Amino acid sequence: MPSSPPASVDDALRVLTAGTVHCIDADELAKKLTSGRRLRVKFGIDPTASDIHLGHTVVLHKLRQFQDLGHLAVLIIGDFTARVGDPTGRSATRPALTAAEVDVHARTYVDQVRSVLDFSPDRLELVHNADWLERMDMADVLRLTGRTTVARIMERDDFANRFRDGVAIALSELLYPLLQGTDSVEVAADVELGGTDQLFNMLMGRQLQNAADQEPQVVITMPLLEGLDGEKKMSKSLGNAVGIAEAPAEQFGKLMSIPDQLMPRYFALATGWLPDQVEATTAALADGSLAPVAAKRLLGRTVADLYHGAGAGAGAESEFDRVFKAHDVPSEIATCSVARPEFPMRLARLLAVAGLVPSNKEGRRKIEQGGVRIAGERVTDPDLEVDADTIDEQTLQVGKRAWARIQITQ
RNA sequence: GGGUCCGUACCCGAGAGGCCAAAGGGAACUGGCUGUAAUCCAGUUGCGCAAGCUACGGGGGUUCGAAUCCCUCCGGGCCCA
């Protein structure tokens with residue numbers, strides 16, 4: 001994936017600023033790069049959830065680009081801040097997590113980050129912000145909170161909106177930007193990366209670094225990637241996310257379902273590609289030399305390869321064709337064992353027993369809607385009863401994506 | 001401390017004693033079409049084979065009948081101090 005390091009500062013700048021929304025500011029970044037120093041590039045994550053999806057990788061890929069250019073990624077696990085809860089984008093106070101929950105999340109998180117970042121010791125520093133935040137006493141807190149004003153904090157949209165709409169804001173949430181800023185001082189960050197929603201917090205880092213007589217960090221924000229619906233930002237709770245730990249076939253299929261106009265965005269933000277490749281692909285798509293369906297397949301393969309190794313994408317693609325073009329059953333489907341005395345049984349119920357539908361009633365509905373097949377043959381009678389011998393070793397299908405093979409026991 | 005408002009299905013949200021298994025939207029699901037698990041169009045969406053059962057924050061009450069009225073508890077918002 002990474003090419004050889006660009007020779008000049010200009011080349012580096014071009015790569016590093018590609019796809020960014022803010023870079024505050026570019027001149028400072030150029031100066032830092034010109035110094036020839038290995039820059040300390042901070043990225044903080046709060047382990048409030050453990051699954052990383054493509055939305056999270058947008059910033060991670062940018063961080064990787066810094067690493068590939070010889071800089072040091074300073075990955076901050078926000079084990080302390082996770083307990084406060086980042087108010088960003090929240091319309092309500094985040095539920096507090098226990099230290100134990102945070103710890104579990106942090107471990108899985110780091111495991112998944114390995115697939116994007118370079119974990120060589122000279123390219124990555126991993127720290128936990130509880131190491132310094134937990135040690136602060138009341139005097140430290142007063143000193144810290146004295147560095148900004150209520151008006152300044154309330155400028156943040158999240159806070160302003162919630163205040164205006166009469167939604168609760170916990171006092172601790174107001175402190176969040178200060179904590180994140182403190183992290184920047186502690187790790188002496190040269191650059192901080194984050195999503196656009198982090199702009200305010202990251203700028204607070206500059207302010208605090210100034211106060212601590214440090215050279216302020218360059219703040220770089222990346223866009224928030226839209227989810228599969230193409231509307232809302234990708235988030236697991238909205239159900240529009242592609243997890244990086246998901247099976248390749250799942251990733252491929254999900255990516256095939258994104259709206260066409262979203263493809264350039266995903267190429268730019270979710271593939272880890274360098275600007276040249278992104279531009280070439282996007283241009284080909286625009287001038288018609290790359291068909292939309294081919295581009296989407298390329299996207300799906302690229303992402304699957306990225307997280308499951310080269311070849312995973314091709315495998316996912318052929319499986320996809322098998323199931324959705326040839327309407328064949330998948331190469332591997334779950335087997336469901338049912339005891340012989342249970343039969344004869346209504347098919348609607350069997351579907352529920354096999355876990356293909358949540359209830360008998362739903363099974364009946366699916367049959368009425370023409371969504372149920374036995375061994376490829378559509379079933380139309382919602383009251384159909386099946387007996388053990390005819391159903392043994394047969395494949396049941398509900399809709400386009402759910403199968404089970406029935407096996408009779410005893 | 002005082003006042004006041006709110007809590008409805010996966011989410012948002014209407015309903016203000018019976019016509020309420022509960023409008024509408026989102027979401028999801030099924031079918032048709034297709035380059036796709038896209039778009040578009042149509043349909044479905046508590047459980048039960050059924051009689052029926054459970055459900056509108058929890059508990060209790062009024063009533064022939066309660067999501068709707070009363071009491072109480074829990075959770076939350078705002079205002080005044």
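Letters A, B, ... mirror the listed sequences (proteins, then strands); counts begin at 1. Because the structure is predicted, anything quoted here is derived from the model rather than measured.
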Checklist line | B:G75 versus B:G25 - spacing of their P atoms, nearest Å | finding: 36 Å
Next item on the list: Using the P atom as the reference point in each nucleotide, state the distance between B:U44 and B:G65 in Å, no decimals.
Entry: 35 Å
Checklist line | Pairwise C1' distance, B:G3 and B:U68 [rounded to whole Å] | finding: 25 Å
Check: If the P atom of B:C19 is compared with that of B:U4, how far apart are they to the nearest Å?
Finding: 32 Å
Margin query: With rounding to the closest Å, how many angstrom separate the C1' atoms on B:G32 and B:A55?
Written below: 35 Å
Item checked: Pairwise C1' distance, B:A9 and B:C56 [rounded to whole Å] -> 8 Å
Notebook entry, point to check: Which whole number of Å gives the distance between the C1' atom of B:G31 and that of B:A22?
Noted result: 27 Å
Margin query: Can you see whether A:Gln65 engages A:Lys62 through a side-chain donor-acceptor pair at a distance of less than 3.5 angstrom?
Written below: yes
Next item on the list: In whole angstrom, give the distance that lies between atom CD1 of A:Ile258 and atom C1' of B:G35.
Entry: 14 Å
Notebook entry, point to check: Under 4.0 angstrom, heavy atoms only, what part of the nucleic acid is A:Asp383 near: base, sugar-phosphate, or nothing?
Noted result: nothing
Check: Going by the angle between their ring planes, with limits at 30° and 60°, are A:His61 and A:Tyr307 parallel, tilted or perpendicular?
Finding: tilted
Note to self: Do A:Tyr176 and A:Asp46 pair up side chain to side chain, a donor and an acceptor below 3.5 Å, judged on atom types alone?
What the structure shows: yes
Item checked: Polar side chain donor-acceptor pair, A:Gln180 to A:Glu192, under 3.5 angstrom -> yes
Notebook entry, point to check: Under 4.0 angstrom, heavy atoms only, what part of the nucleic acid is A:Gly253 near: base, sugar-phosphate, or nothing?
Noted result: base
